[in-house]
Amino acid sequence: MSRAQTTLRTTVSIEGVGLHSGHPVRATFRPAPPETGLLFVRMDHKETPIPALLPSASTFDYATTLSADGVSIGTVEHLLSAAAGEGLDNCVVEIEGPEVPILDGSALPFVRLFHAAGFERQDAPVRPLSLGREILFERGDRSIRYSPGGEGLTITYEIDFPHPLVGKQKLTWAVRPEEYAAQIAPARTFGFLAEVEALRARGLARGGSLQNAVVLDDQGILSGPLRFRDEFVRHKVLDLLGDLSLLGRPLRGRIHARKAGHAMHVEFARALSAALAAPAAEQGEPDSAARRQGARP
Ligand SMILES: [Zn+2]
């Protein structure tokens, strides 16, 4: 009961500032044939397309970057989440600069753009990945666990920030393209004023503003009302979905993350990818689908 691979019906583009450079940048999304995946092309390095796959990824605590042969594109995570959340499998993304525009700090502007283009079902099925056994990844009190089961992917995320407006938040969300736009995509990235100032001191976050993040100081929120009472944990689900999409195919099973971030998401995805590539006997219970599919390099 797998769905068909999906691309966009027409080419669409969007413009905004880069989070770190502060410069205007345009992103153009073009339809692509089945099995293309998401492929980034930097217009000043057209000869080096960058696939949105784990081997291209490098991360920082606050962002995910993709590179190939020394060419890199930064701040890809919300765009990747929008594509994964909406079930957009194949697309060429042309970027006129070194980073994806930050827009409003959420995935919603990308989702609106995809809806404006329309989706085209393609003559090839999606082949989801699944593993027959549990994988637990721990770093102190931070963890991510995969367990098998279910028809799709269900994400549970827990955060605990020592701030009166954040605190402990927990959300379980079964990934459904028809709900992503309303439930997850609008949740904005967030940061603490002190962190933003530290990034600025390093020449980063020049395009960061109260218009593209929820910014908190010790007392409260500087950037206006929240979009959800639990916007913070919803954004963590958004980020995790984008980072997991670097597996190259949709994942089936259950993920439970506690106090993780981009670097840990991607490390976990690498561990999962290695387990998927292992011989079937090491993957736990017999799983003919996983055996047949293996994992992408
Ligand atoms: Zn984010």
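Bear in mind the structure is a predicted one, so any value in this text is a computation, not a measurement. First listed ligand is number 1; within each ligand, the first listed atom is number 1.
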> For the pair R127 and E35, find out whether any cationic side-chain nitrogen is under 4.0 Å from an anionic carboxylate oxygen.
yes
> Which atoms of the protein, restricted to N, O or S, are nearer than 2.8 Å to the Zn ion (ligand 1)?
H78 NE2, H235 NE2, D239 OD1, D239 OD2
> Drop me the distance from I184's CD1 to L108's CG, to the nearest 0.5 angstrom.
12.0 Å
> What's the spacing between D239 CG and T189 OG1 if we round to 0.5 Å?
6.0 Å
> Distance only, no hydrogens: is a donor on one side chain within 3.5 Å (strictly under) of an acceptor on the other, for T172 and T156?
yes
> Nearest 0.5 angstrom please: L19 CG to N212 CG, how far?
6.5 Å
> Which residue, D243, V100, V266, forms the side chain to side chain contact (heavy atoms under 4.5 Å, CB included) with E77?
D243
